[in-house]
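Naming convention: chains lettered A, B, ... in sequence-line order (proteins, then strands); numbering from 1 in each chain.
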Protein chains: 2
Amino acid sequence: MDTRQMRYFVALAETLHFGHAAARMNMTQPPFSRQIAALERDLGVQLVERSSRQVVLTPAGERFLKDSRAVLAGFDSACREARLVAEGLHGELRFGFMMHAAHSIVPRLVSRYVALRPEVRLTLVETTPAEIAQRLLAGELDAGLSFGARALPQLDSLPVFTDRLCLVVPKGHALAGCRVVQAQDLTGLAVIAAPARVSPTLRGAVEGWFAAQGLLPDIRFEPQLQTTILRLVAAGLGVALVPASIVGEEASVRAVPLEAAPELPIVLSSPAGSHNRALEPLREMIRDGSWRDVPA
Amino acid sequence: MDTRQMRYFVALAETLHFGHAAARMNMTQPPFSRQIAALERDLGVQLVERSSRQVVLTPAGERFLKDSRAVLAGFDSACREARLVAEGLHGELRFGFMMHAAHSIVPRLVSRYVALRPEVRLTLVETTPAEIAQRLLAGELDAGLSFGARALPQLDSLPVFTDRLCLVVPKGHALAGCRVVQAQDLTGLAVIAAPARVSPTLRGAVEGWFAAQGLLPDIRFEPQLQTTILRLVAAGLGVALVPASIVGEEASVRAVPLEAAPELPIVLSSPAGSHNRALEPLREMIRDGSWRDVPA
DNA sequence: GGGCAATGATGCTGAGAGGGTATCGATGGA
DNA sequence: TCCATCGATACCCTCTCAGCATCATTGCCC
């Protein structure tokens, strides 16, 4: 009792003739008749009323015909879907990224991606750099846009672009007009930075910049999100070292270049050996740089 | 590529272990592995990533698992439904009846039937006696409640009850108080009756009653429905001979017994040799008279 | 009414699908 | 390094399933 017998039965129901139905199934009538009889025996249900002159469906046969068509359509569709997912044309791509990337890079990547793969369900996960790596390794994400930390062998990474730390101060702050600042210019100022558990790379870059000049930052607040940091700076609660790419969102702060500003490589990471071919266009548009052509 | 391989794959996806999945399918691991490989080959899609240490689903496998569960559930449900329809517990019963029967017999039959076969979709078709016979023969109805005309060999009929013609006159009519009327009492009165093409039996009974007394009715109006006839009588447009069972619906007419009133047997007819077992409870409640116990 | 054509069922046969046993190869842990 | 685990492979056997030939029934036509 399988789909083959169901197909036989549908052919019979549509022709109401054993010989013609058998021909449609590319076989001869005797084994076809036996398959129908076997189907009825296995079901314990008479599906067709036969005489040597005509074949008619019983009510159970009518119902089984309707259901069989649906089952066979579902079966074929399942096979087709599997092939499409294997080709990366259908399926799902779970894409995680740092929250502050949502404002600049992500919209361009996404708009280009959906043009290339309109049938792929794109799940966007705004989260923190630390969680991106963890969820990539756990198989909960297919791709992650984050800072390029130490290269893990279980992750394949592609460079996207290089960000750069800069200082942000409230509008009207004494340092707002500087051409470039050094660590000692920040002596006595409260610094706002995300904790290392949220973004080890970013936190490391911030502390590294101070350390390189022999100083320690006076970190007073530790929010998780860069946008929160900008708000706190705007409110006059301190200054911060943030990726340059996110300044400009907040009109009430001013960015100032840093002396020997640390570079922050942004990479797209995905699990090594991923079978999700829906990932390929995303990696490809980053590899060939074509995502930059999309208007921001 | 059939449902068996789908079941194997679902077992594998749920256990992620070839040996355990094979055991669940009551077979040994080698042929099980071959079936999975054959499924992948036929689909042209890798569904699982194997190593000697672990088995994981590919994205295509995840999708195929989801679809396979739905297809298998549909398959099993189709088989179950076929059995239920064959037993008459599920399915459809298309029941046609004369419009005026809807007011008395049909509600009782239906309320008892749905208590016995709650899962059967009961399609109620109000129509005319002539059409009932025609649609029963065409296989468009499973049962019909109508006048028992000449017994057709293609139809099985069960007597339901015997109706009787009576005269209806407008309230306040000269004949309204009569104990019994004869055909000659109606001389000069306009008579309203349905045409023969709508109900040959009823029309025959009306004309037969007049003819038996050597008279011809002066039939002035020919509506199709008995309820329309009652309205026309109530409006003073004439008198009519109608089945006694329908009087009482219309307060503005009076029924008067006929001398030698023709009897009108009401029968339930169904196609001879019908395979619709959902019909059985309906026939049974009429055969044993239990439908009369239902409050009208 | 008898022959005939059409149609579904049945008997027999052969090829192949599918399952069992034994075993191999790879891999990770003790 | 040895061993246990686990999926793959080789080989064999059984039984399913399709083909061929034929039968049984039934309606049709001369």
field: Spacing of Gln54(A) atom CD relative to dG27(D) atom P, expressed in whole Å
entry: 9 Å
- prompt: Nearest to the side chain of Pro31(B), which nucleotide is it out of dA9(C), dT21(C), dG7(D)?
  reply: dT21(C)
- prompt: What integer distance in Å separates Leu39(A):CG from dC17(D):P?
  reply: 12 Å
- request: May I ask you to verify whether the side chain of Gln35(A) and the base of dA18(D) hold a donor-acceptor pair under 3.5 Å?
  value: no
message: Does dG20(C) have its OP1 or OP2 closer than 4.0 Å to a side-chain nitrogen or oxygen of Thr28(B)?
response: yes
- prompt: Any side-chain heavy-atom pair from Leu47(B) and Ile36(B) closer than 4.5 angstrom?
  reply: no
- prompt: Which sits closer to the 5' end of DNA chain C, Pro30(B) or Asp2(B), going by the nucleotide each is nearest to?
  reply: Asp2(B)
message: Is there a side-chain contact between Tyr8(B) and the phosphate of dG19(C), meaning an N or O under 4.0 Å from OP1 or OP2?
response: yes
Whole-Å distance separating the CZ atom of Arg50(B) from the C1' atom of dT9(D): 13 Å
- request: Calculate the interatomic distance between Asp42(B) atom CG and dG18(C) atom C1'; express it in whole Å.
  value: 14 Å
task: Could you check how far CD of Gln29(A) sits from P of dA24(D), rounded to whole Å?
output: 16 Å
Distance in angstrom units between Met27(A) CE and dG16(C) P, rounded: 16 Å
query: Which part of the nucleic acid does Ser33(B) contact within heavy-atom distance under 4.0 Å: base, sugar-phosphate only, or nothing?
result: sugar-phosphate
- prompt: Is the shortest distance from a Lys or Arg side-chain nitrogen in Glu14(B) or Arg69(B) to a carboxylate oxygen in the other one below 4.0 Å?
  reply: yes
statement: Between CD of Glu40(A) and P of dG8(C) the distance, given in whole Å, is 13 Å
query: Would a distance-only check, ignoring hydrogens and angles, find a side-chain to backbone donor-acceptor pair under 3.5 Å from Arg287(B) to Leu158(B)?
result: no
- prompt: According to the interplanar angle, ranging from 0 to 90°, do the rings of Phe18(A) and Phe32(A) count as parallel (below 30°), tilted (30 to 60°) or perpendicular (above 60°)?
  reply: perpendicular
field: His17(B) vs dT5(D): side-chain N/O to OP1/OP2 distance below 4.0 Å
entry: no
- prompt: Under 3.5 Å, is there an N or O donor on one side and an acceptor on the other linking the side chain of Arg34(A) and the base of dG8(C)?
  reply: no
task: Taking only Lys NZ, Arg NE, NH1 and NH2, and the carboxylate oxygens of Asp or Glu, determine whether Glu40(B) and Arg50(B) approach each other closer than 4.0 Å.
output: yes
task: Take the protein atom CD of Glu49(B) and the nucleotide atom P of dT27(C), then report the distance between them rounded to whole Å.
output: 12 Å
